[in-house]
S.K.: 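Let me give you the structure first, and then I'll get to my questions.
By convention in this document, chain letters (A, B, ...) are assigned in the order of the sequence lines, proteins followed by strands, and residues within each chain are numbered from 1. Nothing here was measured: the structure is a model prediction, and the numbers come from that model.
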Amino acid sequence: MNFQLLGDLRGQLAAALGVDATTVPVLTADLCPPGMKADITLNGFHLAKALRRPPPVLAETVTALAKQHPDVADAVCVKAFINITLKPAALFRDTVGDPDAIANAARLPEAERRRIVIEFSAPNTNKPQHLGHVRNNTLGMATSGILSAAGHLVTPVNLINDRGIHICKSMLAYQRFGNGETPASSGKKGDHLVGDYYVRFDQEYRRQLADLKAARPDLAGKESDELFLETEIGRAAQDMLLAWEKADPAVRQLWATMNSWVISGFNETYARMGVRFDQVFLESQTYTLGRDIIQDGLARGVFQKRADGAVIIDLESDKLGQKVVLRGDGTSVYITQDIGTTLLKQREFSPDRQLWVVGDEQIHHFRVLFAILRRLGYAWAADCHHMAYGMVNLPSGRMKSREGTVVDADDLFDEMTTLARQAIVERSDGAPPADLEARAQAIGLGALKFMLLKVNPKTTILFDPEASVKFEGDTGPYVQYAGARIRSMLRKAGPDALAGVVDWSVLGEPAEKELALRCAGYGAAVRQAAADLDSSGLATYLLDLAKAFSHFYHDCPVLTAPTPALRRARLELSDRAHRVLSAGLQALTITPLDSM
RNA sequence: GCGUUCGUAGCUCAGUUGGAUAGAGCGCCUGGCUUCGAACCAGGAAGUCGGGGGUUCGAGUCCCUCCGGACGCACCA
């Protein structure tokens, strides 16, 4: 919040203390806690620490200075807190007087803006996306939006894992059991169709595994993974992978066809979620990239060759152990291609920072990756960051595909949209609105996304299906609803409602001040969320703002205000709240609504 | 075993980087629609901030320790 008072106080305090103006820190005000009967508060302890003065004395000095300021109605010192009540005209002038200033406050000074590449989603093309991907996609888009709102130049990219043994499993099952089925012939979305064959493979594999264990009692104690190549179908999948690597035309043909089905399915899901990328990398085109870097590093002594021919790196001094970066047969491991694509992105976009939105189970992997990049001598490795987020659990525990407890993304969207549609119809007086579908999508997805974004990304989420479909309380629709009510008022007020000069001095009700002060907190909320890579800060802010509006709306008649000047000022204040709510929701990739 | 991380109201979660009397939503109880949209508002009950030590003007927040959970420590991605 940028109050003229604070700038003035800073200079006056320096003069009063007889120090240079620059030694006094820039003053920042917080909202005064409820029940304190003031508007804003300065923390005298912080000031005292910065200036090395005793807190009570300093706080009294500041209070005395504040009392003399023309913007101040009253200032009281409690402990070392300076609680200030502003004159209404000054409060509204500095908080909501300039609509552009609110939005601009979110943007960092030019010198602090960065070019940031953010990688997220990174799906495998063997099955459709589920709730875990939804959290990833939602966080990826919201983080991109928040960073952009803070003034950074953000490049969102995707890296699709479109090759490997898991892809061959679907392909093999399709080859054997598919009977030429296609998305067109079956009416199935491409990613779901391919996913069905991934499941089909697993069924067949389990059947063969059971037969094998029955015939060979000596294998009974072995893990399923150890016996993969002992089964006929497992062997066949491995052979298919080798054929793929040798570019066998038939295998490549099938692979290309099935991948195109999956990717068009993904694109539908992304479009529905509002997910977009500036560039999409395919692992099939990048997986060999790291190899020459490894060879180069080997020559420079960064890596060592082991007796069996594998190339390794010793990261003991970083307490990360040893890591194989190239197999004995010269093929890549996962981290090899990650090294390659990281360099590719660095070359292509020249970012100041690279971010990866990837689950917290891969924290160790990224530590190793960044350590290797440092050893290779890349200074920019220090600006690589893994944005680790927690898993999504169900009341029954982890989602497990084998137990059929995976929550499918498309099904979930359908369910949320259906519930939103019902909610709209229930609440509409006459016929349902013409744009029912668009509203239902916006509300259903808004509820889902907001639920995921309002908790800190680091925390493991418990997805409670019952609670998740609610549209009341601390939800996305609550925020959308506040915006829709403002739009409704502005529509009724007519096109000239906001024309001419505003007289802010007619305002002064507690609910009006609270709303204005909340609006002015937008910039700080965005910048904090950007600095912490934490969407929940912005989501919580938007809830507080929507609550402040609801309170105001209840207490203060707008369209039926007693005087034209008051009506005008309250409409203007409502408009500010609407702008902030819309901007905030859009940063989170949630659609603001004119009507619900 | 080592590492990371978490433990706050019945449930799900906040807590602005050490500041005022620990908050919100859901659920439960009570009240408010002939008045700008009740997806709303107002009020109530509900807490040994996992336990115990320590650091200081001040600790849910920092340090130590114990208890309990999650996730890692692959030539899988």
Side-chain angles (χ1 to χ4, degrees), chain A residues 28 30-36 41 43-46 49 54-56 78-81 83 122 124 161 164-166 225 283 306 308 310-312 319-321 323-329 331-338 359-365 367-368 388 390-391 393 398 420 423-424 426-427 429 443 447 451 454-456 458-464 466-468 470-482 484-489 492-493 521 524-525 528 532 536-537 539-541 543-544 547 550-551 553-561 567 570-571 574 595-596:
Chain A
T28 55
D30 296 317
L31 294 185
C32 202
M36 288 288 180
T41 185
N43 189 327
F45 288 105
H46 291 165
K49 201 165 285 183
V78 182
K79 299 185 182 178
F81 294 96
N83 294 335
N124 293 339
N161 300 103
I165 189 70
H166 50 288
D225 290 351
E283 196 192 306
R306 211 166 53 184
D308 64 356
V311 179
I312 61 162
K319 293 186 176 163
L320 293 168
K323 179 72 186 173
V324 170
V325 292
L326 218 49
R327 294 192 187 96
D329 62 5
T331 56
S332 302
V333 294
Y334 178 51
I335 206 156
T336 320
Q337 72 89 24
D338 252 0
D360 58 13
E361 61 208 345
Q362 295 199 44
I363 287 173
H364 184 261
H365 168 79
R367 289 222 173 113
V368 171
M391 298 289 101
N393 289 338
R398 287 188 76 147
I424 296 165
E426 275 169 20
R427 286 164 170 85
D429 301 335
I443 294 167
M451 181 201 64
K454 78 176 176 184
V455 307
N456 189 298
K458 287 187 304 191
T459 62
T460 302
I461 286 188
L462 186 98
F463 179 80
D464 180 354
E466 298 280 327
S468 304
K470 293 265 170 72
F471 300 142
E472 291 106 29
D474 279 356
T475 64
Y478 177 83
V479 180
Q480 289 171 316
Y481 184 64
R485 291 204 293 195
I486 298 172
R487 288 293 302 149
S488 172
M489 282 195 303
K492 286 184 178 159
Q528 191 70 45
D532 297 346
S536 71
T540 305
Y541 166 79
L543 281 172
D544 287 339
K547 283 176 197 171
S550 292
H551 184 202
Y553 185 80
H554 180 264
D555 284 7
C556 305
V558 178
L559 296 176
T560 56
R567 172 185 147 111
R570 285 180 175 166
L571 270 173
S574 301
S595 302
M596 292 174 70

S.K.: With rounding to whole Å, what would you report as the distance between B:C63 and B:U21 at their P atoms?
M.R.: 24 Å

S.K.: Mapping A:M391 and A:D464 to their closest nucleotides on RNA chain B, which lands nearer the 5' end?
M.R.: A:D464

S.K.: If you measure from the C1' atom in B:G47 to the same atom in B:G37, how many Å do you get, rounded?
M.R.: 37 Å

S.K.: Round to the nearest Å and state the distance from A:D338 atom CG to B:A77 atom C1'.
M.R.: 10 Å

S.K.: Across the strands shown, which category fits A:Q480 at heavy-atom distances under 4.0 angstrom: base, sugar-phosphate, nothing?
M.R.: nothing

S.K.: Which part of the nucleic acid, if any, lies within reach of A:Y478 when heavy atoms closer than 4.0 Å are counted: base, sugar-phosphate only, or nothing?
M.R.: sugar-phosphate

S.K.: Just compare B:C36, B:G25, B:A39 and give me whichever is closest to any side-chain atom of A:K492.
M.R.: B:C36

S.K.: Side chain of A:T336, backbone of A:V325: donor and acceptor closer than 3.5 Å?
M.R.: yes

S.K.: Starting at atom NZ of A:K323, determine the distance to atom P of B:A74, rounded to an integer number of angstrom.
M.R.: 7 Å

S.K.: Report the nucleotide, chosen from B:U4, B:C40, B:C36, that has the shortest atom-to-atom distance to any side-chain atom of A:L559.
M.R.: B:C36

S.K.: Without decimals, in angstroms, what is the distance between A:N456 CG and B:A14 C1'?
M.R.: 10 Å

S.K.: Mark yes or no for a side-chain to base donor-acceptor pair under 3.5 Å between A:N83 and B:A20, with no hydrogen or angle criteria applied.
M.R.: yes

S.K.: Has the side chain of A:T540 got a donor or acceptor that lies under 3.5 Å from a partner of the other kind on the base of B:A24?
M.R.: no

S.K.: Please state how far atom CD in A:E361 lies from atom P in B:A77, giving the value in whole angstrom units.
M.R.: 15 Å

S.K.: Roughly how many Å apart are B:G52 and B:G15, using the C1' atom of each and rounding to a whole number?
M.R.: 24 Å

S.K.: In whole angstrom, give the distance that lies between atom CZ of A:R398 and atom P of B:C71.
M.R.: 5 Å

S.K.: Measuring from the side chain of A:F81 (C-beta onward, heavy atoms only), which nucleotide among B:G72, B:G19, B:G37 has the closest atom?
M.R.: B:G19

S.K.: Output the single nucleotide from B:G25, B:G58, B:U17 whose closest atom is nearest the side chain of A:K49.
M.R.: B:G58

S.K.: Taking pairing as Watson-Crick or G-U wobble with both contacts under 3.5 Å, can you name the mate of B:G23, or confirm there isn't one?
M.R.: B:C13

S.K.: B:A20, B:G27, B:G25: which one has an atom nearest the side-chain heavy atoms of A:P33?
M.R.: B:A20

S.K.: Expressed as a whole number of angstroms, how long is the span from A:H365:NE2 to B:G3:C1'?
M.R.: 17 Å

S.K.: Starting the side chain at C-beta, find the nucleotide from B:A77, B:A20, B:G19 nearest to A:Y334.
M.R.: B:A77

S.K.: If you check every side-chain atom of A:K79, which of B:A38, B:C41, B:A20 has the closest atom?
M.R.: B:A20

S.K.: Can you name the salt bridge (charged side-chain N to carboxylate O under 4.0 Å, His left out) partners of A:D544, sequence neighbours left out?
M.R.: A:R518

S.K.: With sequence neighbours excluded, tell me which residues meet salt bridge (charged side-chain N to carboxylate O under 4.0 Å, His left out) with A:K323.
M.R.: none

S.K.: Where the side chain of A:H551 is defined as all heavy atoms beyond and including C-beta, which of B:A42, B:G37, B:A20 is the nearest nucleotide?
M.R.: B:A42

S.K.: Among B:A20, B:G58, B:U17, which nucleotide sits nearest the side chain of A:Q528?
M.R.: B:U17

S.K.: When the distance from CD of A:Q362 to C1' of B:A74 is rounded to whole Å, what number comes out?
M.R.: 12 Å

S.K.: B:A24 and B:A45: how far apart are their P atoms, nearest whole angstrom?
M.R.: 12 Å

S.K.: Starting the side chain at C-beta, find the nucleotide from B:A77, B:C71, B:A42 nearest to A:D360.
M.R.: B:C71

S.K.: How many Å lie between NZ on A:K547 and P on B:A24, as a whole number?
M.R.: 8 Å

